[in-house]
There are 2 protein chains.
Amino acid sequence: MADAEEKPSRSGAEQLLASTLREHGLRVTPDRLQLFRTLEAASAPLSITEISKRMEPLGINQATVYRILERFTAISVTHSVLLPHGVVAYELVPPFAEHHHHLVCSRCGRVINFYNPELDQAIQAVAKNYGFTVTSHMVEVHGLCTECAKAHREKKTAR
Amino acid sequence: MADAEEKPSRSGAEQLLASTLREHGLRVTPDRLQLFRTLEAASAPLSITEISKRMEPLGINQATVYRILERFTAISVTHSVLLPHGVVAYELVPPFAEHHHHLVCSRCGRVINFYNPELDQAIQAVAKNYGFTVTSHMVEVHGLCTECAKAHREKKTAR
DNA sequence: TTTTTTGCAAAGATTTTGCACCTTA
DNA sequence: TAAGGTGCAAAATCTTTGCAAAAAA
C-alpha cells in the first residue's frame with residue numbers, strides 16, 4: 001500500500017468519495033483515494049492497463065486495481081466506456097465528474113468531452129416511449145478531429 | 001471448417017458481404033458466411049464467447065472466430081459495443097443491419113433496438129460544432145425495461 | 001497455381017482467487 | 001476487535017501466433 005507519511009487534506013470530491021464508500025460499508029483506503037485521484041487527473045477515460053501502469057509506481061498491486069475498479073463501478077463511482085478498437089476504459093461518473101460524452105479521434109486518440117442537452121433529451125424521450133427506466137447512458141462518437149481530418153485530406157491530395 | 005454439402009443460395013445480405021469481402025481482397029469462405037449469419041440471426045449484440053459457443057458446433061475454431069471478427073471489424077462489417085458489466089459485444093453495422101442504438105436492461109439483459117432521428121441530429125450538431133468528422137457513433141442506454149422496473153417496484157413494496 | 005484462410009497447439013496476456021497479513025472504523 | 005482490504009503467487013481465462021495443411025480465386 002502507499003506510503004501515508006503526511007495526511008493531505010481531502011478535496012471536496014475526495015470527501016464525497018469517502019462518504020459514498022462508507023455508505024456502502026466500504027472503507028476509505030489510501031489505494032482507493034489514489035486510484036480516484038488518478039481518474040480525476042486524467043483528461044480521458046483510462047484502460048485498466050493504463051491505470052495499473054500509473055498505480056504501480058505508487059506500490060499498488062494489479063489485483064488491487066481490478067478489485068477497486070470493480071467496487072467503484074458497483075457503487076457507481078466509475079463506469080466503463082468503449083474506445084475505438086474495442087478497448088474498455090474507465091472514468092468517473094457524476095457527481096464525481098460532470099456528465100458528458102465523448103468525441104474520440106480514431107487517428108490520434110484524442111478525446112473531446114462534450115455535453116449536449118438536446119441529445120440527452122432525445123434519449124429520455126426514446127426511453128419514455130419504451131417505458132424504459134434509464135440509469136445511465138453512454139454516447140461515443142468516433143471519427144477524425146479537425147487536425148487529423150486536415151492531415152488526412154492533405155495526404156489524399158498529395159498522392 | 002463447416003460442411004458444405006449443399007450450397008444454399010445466398011441472401012441479399014450475403015451477396016453484399018461477399019462483394020465487400022472481395023473489394024478488400026478477402027475471400028468468401030464458409031466460416032465467414034456462417035459467422036455473418038450468426039450475427040444476422042441474433043437479436044442482440046453477441047460477445048466473442050457467445051459467438052464462439054455458437055460456431056463451435058459447426059466445427060469452427062475459436063482462433064478463426066477471433067480472426068474473422070478482427071477482419072469484419074476492420075472492413076466495417078461489424079463493430080463492437082459495450083454491454084453492462086463491461087462486456088464487449090459485436091453486431092453488424094449498416095448496410096448489413098439497420099442503423100440503431102440500444103436500450104439494455106441491466107436486470108434481465110434484454111436489448112431493445114431503437115432509432116431516433118433527433119438523437120442522430122444532435123450528435124451531428126455537436127460534431128459540427130467541434131469540427132469533428134464522424135465515422136460512427138454508439139449510444140447505449142442502460143436501465144430497467146418495463147417488466148423489470150415493475151418487478152423492482154413490487155419487490156420494494158413487499159418488504 | 002498462387003494467395004488466403006483455417007486448425008492446432010503453444011505462447012502470451014489478462015483476470016481472478018486463496019490465503020496470510022495489514023488497516024480501517 | 002471485528003470486518004474489510006491488500007500483496008503475492010498460483011490458477012483460470014482469454015487472445016494471439018507460428019506453421020503446415022486445406023481452400024478460394
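Convention: sequence-line order gives letters A, B, ...; per-chain numbering from 1. All heavy atoms count here, side chains included; hydrogens, waters and symmetry mates do not.
Between Arg32(B) and Arg37(B) the shortest side-chain heavy-atom distance does not fall below 4.5 Å. The shortest side-chain heavy-atom distance between Arg110(A) and Glu147(A) falls under the 4.5 Å cut-off.
At a cut-off of 3.5 Å, with distance as the only test, a side-chain donor of His100(A) or Glu91(A) sits close to an acceptor on the other residue.
Between Tyr90(B) and Phe72(B), the gap from one ring centroid to the other reaches at least 6.0 Å.
Here the C1' atom of nucleotide dT17(C) and the CD atom of Glu70(A) are 12 Å apart, to the nearest Å. Summarising the geometry, the separation between CD1 on Ile68(A) and C1' on dT23(C) is reported as 13 Å, rounded to the nearest angstrom. Taking atom CZ of Arg32(A) as the reference point, atom P of dG4(D) lies 11 Å away to the nearest angstrom. The interatomic distance linking Glu56(B) (CD) with dC8(C) (P) rounds to 10 Å, in whole Å. Leu69(B) has its CG atom 10 Å from the P atom of dT16(D), to the nearest Å. Between the CD1 atom of Ile60(B) and the P atom of dC8(C) there is a distance of 12 Å, rounded to whole Å. If you take CG of Asn61(B) and C1' of dT5(C), they are 12 Å apart, rounded to a whole angstrom. Protein atom CG of Leu33(B) is 16 Å distant from nucleotide atom P of dA23(D), rounded to whole Å.
Ring pair Phe114(A)/Tyr130(B) is tilted by interplanar angle, where 30° to 60° counts as tilted. Note: His137(B) and His101(B) have tilted aromatic rings, judged against thresholds of 30 and 60 degrees for the angle between ring planes.
Nearer the 5' end of DNA chain C, as judged by each residue's closest nucleotide, is the contact made by Gly25(B), out of Val65(B) and Gly25(B).
Checking side-chain atoms of Thr64(A) against main-chain N and O of Ile60(A) turns up no donor-acceptor pair under 3.5 Å.
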Test side-chain contact (heavy atoms from CB on, under 4.5 Å) applied to Ile123(B) and Val139(B), step by step: CA-CA 10 Å; Ile123(B) 289 175; Val139(B) 179; 4.0 Å; yes

Met55(B)/Leu35(B) under side-chain contact (heavy atoms from CB on, under 4.5 Å): CA gap, chis, key distance, verdict: CA-CA 7 Å; Met55(B) 296 292 100; Leu35(B) 177 19; 4.1 Å; yes

Could you list, one pair per line, each protein nitrogen or oxygen that sits under 3.5 Å from a nitrogen or oxygen of nucleotides 12-15 of chain C, together with the distance?
{"residue": "dT15(C)", "atom": "OP2", "partner": "Tyr66(A)", "partner atom": "OH", "Å": "2.1"}
{"residue": "dT15(C)", "atom": "O5'", "partner": "Tyr66(A)", "partner atom": "OH", "Å": "3.4"}

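Side-chain atoms of Arg27(A) and base atoms of dA3(D) include a donor and an acceptor less than 3.5 Å apart.
Between Thr29(A) and the phosphate of dT6(D), there is a side-chain N or O to OP1/OP2 separation shorter than 4.0 Å.
DNA chain C is contacted by no residue of residues 74-89 of chain B, taking any non-hydrogen atom closer than 4.0 Å.
Taking every side-chain heavy atom of Asp31(A) into account, dT6(D) is the closest of dT6(D), dA25(C), dT6(C). Minimum atom distance to the side chain of Arg71(B) is reached by dT5(C), of the listed dC8(C), dT6(D), dT5(C).
Here Arg67(A) lies in heavy-atom contact (under 4.0 Å) with a base.
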